[in-house]
Amino acid sequence: MSQLRLVPDLLRTQAQRDPDRPLVRWRDQALTYGEFDARTDAIAAGLADLGVKPGDMVSVMLPNCLDFLEAWWGIAKANGVFGPVNPAFTPPEAAYVIGHSEAVAVITGGDIARLIDGIRPELDGVRHVISIDEDSPGDVRFSALRASGGTAPAPAREPDDLAQVLYTSGTTGKPKGAMVTHRMVVANSGMAAELLPLAPGDRLGMILPLFHANAQIATCTVPMIVGCEIVMWERFSASTFWQTVRDLQPVSISAVPTILAALMNAPGSEEAAHSSLRYIICGAAPLSRELMDGFEEKFDIRILEGYGLTESTCVSSLNPYYLERKAGSIGLPVRGQDMRIRREDGTDAGPNERGEIVLRGPNIMPGYLKNPQATADSIRDGWLYTGDIGEMDDDGYFFIVDRTKDMIIRGGENIYPREIEEVIYEHPGVLECAVIGIPHEVRGEEVLAVVAPKPGVTLDGEEVKEFAAARLARFKVPAQVEVAEELPKTATGKISKGPLREQFGNIWAASK
């Protein structure tokens, strides 16, 4: 790791060591480390010719594709700052992120390029729109950069310089841009790589979106450190997943709980017990014990539940592959990172005592871009205050209890939605569950559960409520259980509670 200082070093080291080793497979294209290194050198040279200077932000607004990967590494080699933008953003959302980051160029294509063309008058700092398509709006063609054959500029960045800015989902207001340095990416990639049962030549499947930290670290930079091959899905589809696994033979994927739930009875699942998959890393949202146990028993694939935030680059803890895994736990802190539970008064909590999870290490962000107040709220004395409530057991394993902002205070009682969700997930007919707090004139907040049924199952809200009441203290039992065909999701597949709060926010007022 000593020779790895900057993000491009992760690629260049392997390209120099073994240029003919396969790196990435996308559709009918396959590139070796050496070929990808040369192509991204040319893109970097082209960006520099367009006037991209060290420290300039270049936005990338694309779905997962080979062009996205090449754009990211071309920007890094051009000494620029990589700015991924969620391709599902609306025009106002895209305009805010691109404008706030002060991007000088946007790499895009297809319908998204037309979206960018529509908001171009609002993007004062954008000098070039670079399109991956020949027929999409844009003043520069990405293929022309790749075909330039130029030499990448000499490295002009330091480890503590910005490598990328990743914008949070904005569930509590405008998205915040987490500043990610070269040191953070290199450090966290090494932390994760040493924990996983990977060998050079292994294939890792990429199904999560590349604008998100998980795909960038767990399924891109970690494989590069080891010398693995990345096999990219066009999109996740439960109906074709197991066939794609048979075709591409990945040893691992990163996923979220909703994906695992969808795969339990997907086409091909009955024959998937002996697939190439060795393990699945699951994070970003709570994983129910019922789903974890059922998935592992059916497919004989280990699930490694982990924890991390955009603000900590990606991975902060992981259930170990080689040691004991504890169901419901987010595992042990990765080497080189401090993880603690803090009481409200700022002191460290003891074993099995609840408090806020705080993190410290070389992978922790310096702050949010142009947002000193949010930075001061999150970073205190070198510690990142995550906003997650957790506890540590006597063996040093950490457990998430809930988000501080998700905690429900009902008549003065603190209620943690995840505890209720875990119980409802034990119901044999429930596929998905979200528990939220809804304003109530008397109790302050009331508990509402929204559930989606498993295929072919008809759920009755009152029956689910009775199921929960038999297993929970009375004050924790949802006042009402709503049944929906499916629950809203974020772009990464996490259940999104914001739309549910909007939909059901006045349910008790409306029922008066």
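The figures that follow rest on heavy atoms only: side chains count, while hydrogens, waters and symmetry mates do not.
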Phe398 and Leu332: side chain to side chain contact (heavy atoms under 4.5 Å, CB included), yes or no, with the steps?
-> CA-CA 6 Å; Phe398 282 74; Leu332 300 167; over 6 Å; no
Given Leu291 and Ile303, is the side chain to side chain contact (heavy atoms under 4.5 Å, CB included) satisfied, shown in steps?
-> CA-CA 10 Å; Leu291 176 57; Ile303 297 176; over 6 Å; no
List the steps and the verdict of side chain to side chain contact (heavy atoms under 4.5 Å, CB included) for Ser148 and Asp49.
-> CA-CA 10 Å; Ser148 70; Asp49 289 343; 5.6 Å; no
Worked verdict on Ser316 versus Met339 for side chain to side chain contact (heavy atoms under 4.5 Å, CB included) | CA-CA 8 Å; Ser316 290; Met339 178 182 285; 4.0 Å; yes
Evaluate salt bridge (charged side-chain N to carboxylate O under 4.0 Å, His left out) for Lys77 paired with Asp37, printing each intermediate quantity in order.
-> CA-CA 10 Å; Lys77 289 182 172 183; Asp37 191 39; 2.5 Å; yes
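Panel note: side chain Thr32, backbone Pro19; a donor-acceptor pair is recorded below 3.5 Å. Listed for the Gln337 side chain is no donor-acceptor partner under 3.5 Å among the backbone atoms of Val334. Not a single donor-acceptor pair under 3.5 Å links the side chain of Asp160 to the backbone N or O of Arg183. Judged by distance alone, the side chain of Thr13 and the main-chain N or O of Leu10 form no donor-acceptor pair under 3.5 Å. Formation of a donor-acceptor pair under 3.5 Å by the Glu122 side chain with backbone atoms of Ala95 is not found in this model. Judged by distance alone, the side chain of Thr313 and the main-chain N or O of Asn363 form a donor-acceptor pair under 3.5 Å. Formation of a donor-acceptor pair under 3.5 Å by the Ser189 side chain with backbone atoms of Ile217 is not found in this model. In this structure, Thr40 contributes its side chain and Glu70 its backbone to no donor-acceptor pair below 3.5 Å. A donor-acceptor pair under 3.5 Å links the side-chain atoms of Asn79 to the main chain of Ala156, judged by distance alone. Put simply, the side chain of Thr310 never gets that close to the backbone of Thr168: no donor and acceptor are under 3.5 Å apart.
Taking CE from Met292 and OG from Ser329, the interatomic distance works out to 9.0 Å, rounded to the nearest 0.5 Å. Going from atom CG of Leu384 over to atom CD1 of Ile379 covers 4.5 Å, rounded to the nearest 0.5 Å. Interatomic distance, CG of Asn214 versus CE of Met206, reported as 9.5 Å (0.5 Å rounding). Summarising the geometry, atom OH belonging to Tyr96 is positioned 10.5 Å from atom CZ belonging to Phe89; distances are rounded to the nearest 0.5 Å. Annotation: the span from Ser239 atom OG to Leu263 atom CG amounts to 10.5 Å, rounded to 0.5 Å. The CG atom of Leu359 lies 9.0 Å from the CG atom of Asp338; values are rounded to the nearest 0.5 Å.
Shown are Val52, Val81, Leu47; of these, the side-chain contact (heavy atoms from CB on, under 4.5 Å) with Ile75 is made only by Leu47. For the pairing with Gln164, the side-chain contact (heavy atoms from CB on, under 4.5 Å) check across Val60, Val58, Val180 returns one residue only, Val180.
Between Tyr167 and Leu369, some side-chain heavy-atom pair lies under the 4.5 Å cut-off. For the pair Met57 and Glu102, the minimum side-chain heavy-atom distance is 4.5 Å or more. In this structure the side chain of Arg325 reaches within 4.5 angstrom of the side chain of Leu304, judged on heavy atoms. A heavy-atom distance below 4.5 Å is not found between the side chains of Ser378 and Glu311. Contact check for Leu23 versus Met224: side-chain heavy atoms found under the 4.5 Å cut-off. Counting heavy atoms from C-beta on, the side chains of Ser252 and Arg278 never come closer than 4.5 Å. Side chains of Leu31 and Leu66 form a contact here, defined as non-hydrogen atoms less than 4.5 Å apart. Counting heavy atoms from C-beta outward, Leu69 and Val24 have side chains that approach closer than 4.5 Å.
Taking every heavy atom of both residues into account, Ile495 and Ala434 meet most closely at CG2-CB, 3.9 Å. Scanning all heavy atoms of the two residues, the minimum distance from Ser101 to Ser59 falls at OG-OG, 4.1 Å. The two residues Leu196 and Leu318 make their nearest non-hydrogen contact at CD2-CD2, 3.7 Å. Listed here is the closest heavy atom pair of Ala213 and Leu166: CB-CD1, 3.9 Å. Pairing each heavy atom of Ile400 with each of Arg418, the nearest pair is O-NH1, 3.2 Å. The minimum heavy-atom distance linking Tyr33 with Asp18 is given by the pair CB-O, 4.0 Å.
A perpendicular orientation is assigned to the rings of Trp73 and Phe36, their planes being inclined by more than 60° (bins at 30° and 60°). The aromatic rings of Phe82 and Trp72 sit parallel to each other, their planes meeting at less than 30°, with 60° as the upper class boundary.
Side-chain contact check for Gln373 and Asp377: at least one donor-acceptor pair (N or O, by modelled atom type) lies under 3.5 Å. For the residue pair Ser143/Glu134, the side-chain donor-acceptor check at 3.5 Å is satisfied.
Within a 6.0 Å sphere centred on CG of Asp139, heavy atoms belonging to other residues, nucleotides or ligands number more than 12. Residue Gln29 places its CD atom among more than 12 non-hydrogen atoms of other residues, nucleotides or ligands, all under 6.0 Å distant. Enclosure of atom CD in Gln243 by more than 12 non-hydrogen atoms of other residues, nucleotides or ligands within 6.0 angstrom is indicated.
Using a 4.0 Å cut-off between a side-chain N of Lys or Arg and a carboxylate O of Asp or Glu, Lys298 and Glu270 qualify as a salt bridge. With respect to the salt-bridge test (charged N to carboxylate O, under 4.0 angstrom), the residues Arg120 and Asp117 do not qualify. Contact check on Glu271 versus Arg246 returns no salt bridge, with no Lys/Arg side-chain nitrogen under 4.0 Å from an Asp/Glu carboxylate oxygen. Classification of Asp67 and Arg39 as a salt-bridged pair fails, no side-chain N sitting under 4.0 Å from a carboxylate O.
Taking the six-membered ring where the residue is Trp, the centroids of Phe68 and Trp26 are separated by 6.0 Å or more.
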When the side chains of residues 225-232 are checked against the rest of the protein, which donor-acceptor pairs come out under 3.5 Å, sequence neighbours left out?
{"residue": "Glu229", "atom": "OE1", "partner": "Arg203", "partner atom": "NE", "Å": "3.0"}
{"residue": "Glu229", "atom": "OE2", "partner": "Arg25", "partner atom": "NE", "Å": "3.4"}
{"residue": "Glu229", "atom": "OE2", "partner": "Arg25", "partner atom": "NH2", "Å": "3.3"}

